[in-house]
Amino acid sequence: MSQIYATVALGRIGNNTQALGVLIAFLVTHDLLNPGLVQANPSAVGRIKMQDLAGAAFLTTVLEGELRSEHLSDVGQAFCEAYFGSEIEQQVRAQAAKLNEEDWRLYDEVSPALMALLKGKASPPSSFKKMAAKILKFPTRSN
């Protein structure tokens, strides 16, 4: 069964195209889309990765205005389930509403928060890793 994660909303009130566009751009650039969707739209995916096409344009043309579970890989689905309703989603929406910047500038500003959500909280290095890092010595190059 296909789940709809988000639908584009146009207009002065409730316009979410820029915030969703940033999310779509993140999903594309981090290879979180369904491989079949990528294979069916190689030009559009490539243009997003080159920052020649905005995520909002990809959302409205390729995805027909809806982000669905079938558009995403398993990791992409898990990411979206963690993203929607999270504090990071609220931050992205607030940043998009406040700044009204060009799509890729907004992307640059919010992508660290999205990446942190994708990777999860980094666990501190264990004491074994710290000890191993101190003990391991790599051979130097000799001429």
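Side-chain contact between Leu27 and Cys80: present, with at least one pair of heavy atoms (C-beta onward) separated by less than 4.5 Å. Put simply, the side chain of Leu118 does not reach to within 4.5 Å of the side chain of Tyr83, judged on heavy atoms. Side chains of Val62 and Leu37 form a contact here, defined as non-hydrogen atoms less than 4.5 Å apart. Between Leu23 and Val92 there is no side-chain heavy-atom pair separated by less than 4.5 Å. At a threshold of 4.5 Å between non-hydrogen side-chain atoms, the residues Asp31 and Lys49 count as touching.
For His71 (side chain) and Leu67 (main-chain N/O), no donor-acceptor pair under 3.5 Å exists by modelled atom type. The backbone N or O of Phe84 lies less than 3.5 Å from no partner atom in the side chain of Glu89, so there is not a single donor-acceptor pair.
When all heavy atoms of Leu53 and Ala44 are compared, the closest pair comes out as CD2-O, 3.8 Å. Taking each heavy atom of Gly36 and Asn34 in turn, the nearest pair found is N-OD1, 2.8 Å. Across Ala54 and Asp103, no two heavy atoms sit closer than the pair CB-OD2, 3.0 Å. When all heavy atoms of Gln51 and Asp108 are compared, the closest pair comes out as NE2-OD1, 4.4 Å. The two residues Gly76 and Leu72 come nearest to each other via the heavy atoms O-CD1, 3.7 Å.
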- Taking it one step at a time, do Leu117 and Phe26 satisfy side-chain contact (heavy atoms from CB on, under 4.5 Å)? CA-CA 12 Å; Leu117 181 64; Phe26 183 84; over 6 Å; no

- Should Leu114 and Phe79 be marked as a side-chain contact (heavy atoms from CB on, under 4.5 Å) after you check the CA-CA gap, both sets of side-chain angles, and the distance that decides it? CA-CA 9 Å; Leu114 295 173; Phe79 173 79; 4.1 Å; yes

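To the nearest 0.5 angstrom, Tyr107 atom OH is 9.5 Å from Ile48 atom CD1. Rounding to the nearest 0.5 angstrom, the gap separating the NE2 atom in His30 from the OG atom in Ser73 is 12.5 Å.
Gln91 and Glu87 are linked by a side-chain donor-acceptor pair at a separation below 3.5 angstrom, with hydrogens and angles left out of the test.
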